[in-house]
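Here the structure is a predicted model, which means the values were calculated and not measured. Just so it is clear: chains get the letters A, B, ... in the order the sequence lines come, proteins before strands, and each one is counted from 1.
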Amino acid sequence: MRISELSRQTGATPRALRYYEEQGLLRPARRSSGYRDYDARAVQTVRHIQLLLSAGLGTTAIGEILPCIVDGTTVLAPTCPELLDALAEERSRITKSMAKLAEARGILDQLIGARANPR
DNA sequence: GTTCTAACA
DNA sequence: TGTTAGTA
């Protein structure tokens with residue numbers, strides 16, 4: 001299928017799909033016309049990319065994790081250690097971010113003279 | 001009409 | 001990422 005079709009099936013813009021390729025996340029074949037030619041598998045791959053992206057992982061991390069994903073239905077399977085490793089790393093990153101945000105909120109609470117949980 | 005690459009009022 | 005330009 002061509003880029004517009006994959007875009008339609010995944011919701012990713014053609015621009016994003018080309019970007020994923022630049023990052024080595026996708027390797028579509030090329031037609032004699034120069035147009036990218038994606039196989040059906042690409043749909044699943046893009047969904048995996050979107051999932052990992054929404055988890056806060058960067059394209060470089062995703063590039064390392066992607067090959068560890070089993071061609072199951074929707075989600076991924078913690079196969080190789082690299083995957084668990086990268087995911088655990090990202091998780092601790094998030095935990096640290098949450099701590100900083102909580103601090104920032106605490107300061108704002110004082111400045112505002114607010115109660116514990118002002119939305 | 002669609003896609004491609006490259007580049008940025 | 002969007003978007004636009006100039007092509008193939």
Margin query: So A/Arg30, base contact, sugar-phosphate only, or nothing? Heavy-atom distance under 4.0 Å.
Written below: sugar-phosphate
Margin query: With hydrogens left out and only the distance checked, is there a donor-acceptor pair under 3.5 Å joining A/Arg18's side chain and the base of B/dT5?
Written below: no
Notebook entry, point to check: A/Glu21 has an atom CD; how far is it from atom C1' of C/dT1, in whole Å?
Noted result: 17 Å
Next item on the list: Using atom CG of A/Asp37 as one end and atom C1' of B/dC4 as the other, report the distance to the nearest whole Å.
Entry: 15 Å
Checklist line | base_contact_polar (B/dT2 base, A/Tyr35 side chain, donor-acceptor, <3.5 Å) | finding: yes
Check: Nearest to the side chain of A/Arg36, which nucleotide is it out of B/dC4, B/dT3, C/dG2?
Finding: B/dC4
Notebook entry, point to check: So which nucleotide does C/dT1 pair with, by the Watson-Crick or G-U wobble rule with both distances under 3.5 Å?
Noted result: none
Check: Between A/Glu21 and A/Arg18, is there a side-chain N and carboxylate O pair less than 4.0 Å apart?
Finding: no
Notebook entry, point to check: So which one's nearest nucleotide on DNA chain B is more toward 5', A/Arg15 or A/Ile3?
Noted result: A/Ile3
Next item on the list: Tell me which of A/Ser33 and A/Tyr20 sits closer to the 5' end of DNA chain C, going by the nucleotide each one is nearest to.
Entry: A/Tyr20
Item checked: Opposite nucleotide pairing with B/dT2, Watson-Crick or G-U, both atom distances under 3.5 Å -> C/dA8
Next item on the list: Would you indicate what A/Thr13 reaches in the nucleic acid, counting non-hydrogen atoms under 4.0 angstrom: base, sugar-phosphate, or nothing?
Entry: sugar-phosphate
Notebook entry, point to check: Can we say A/Glu90 and A/Arg93 salt-bridge, meaning some charged N sits less than 4.0 Å from an Asp/Glu carboxylate O?
Noted result: yes
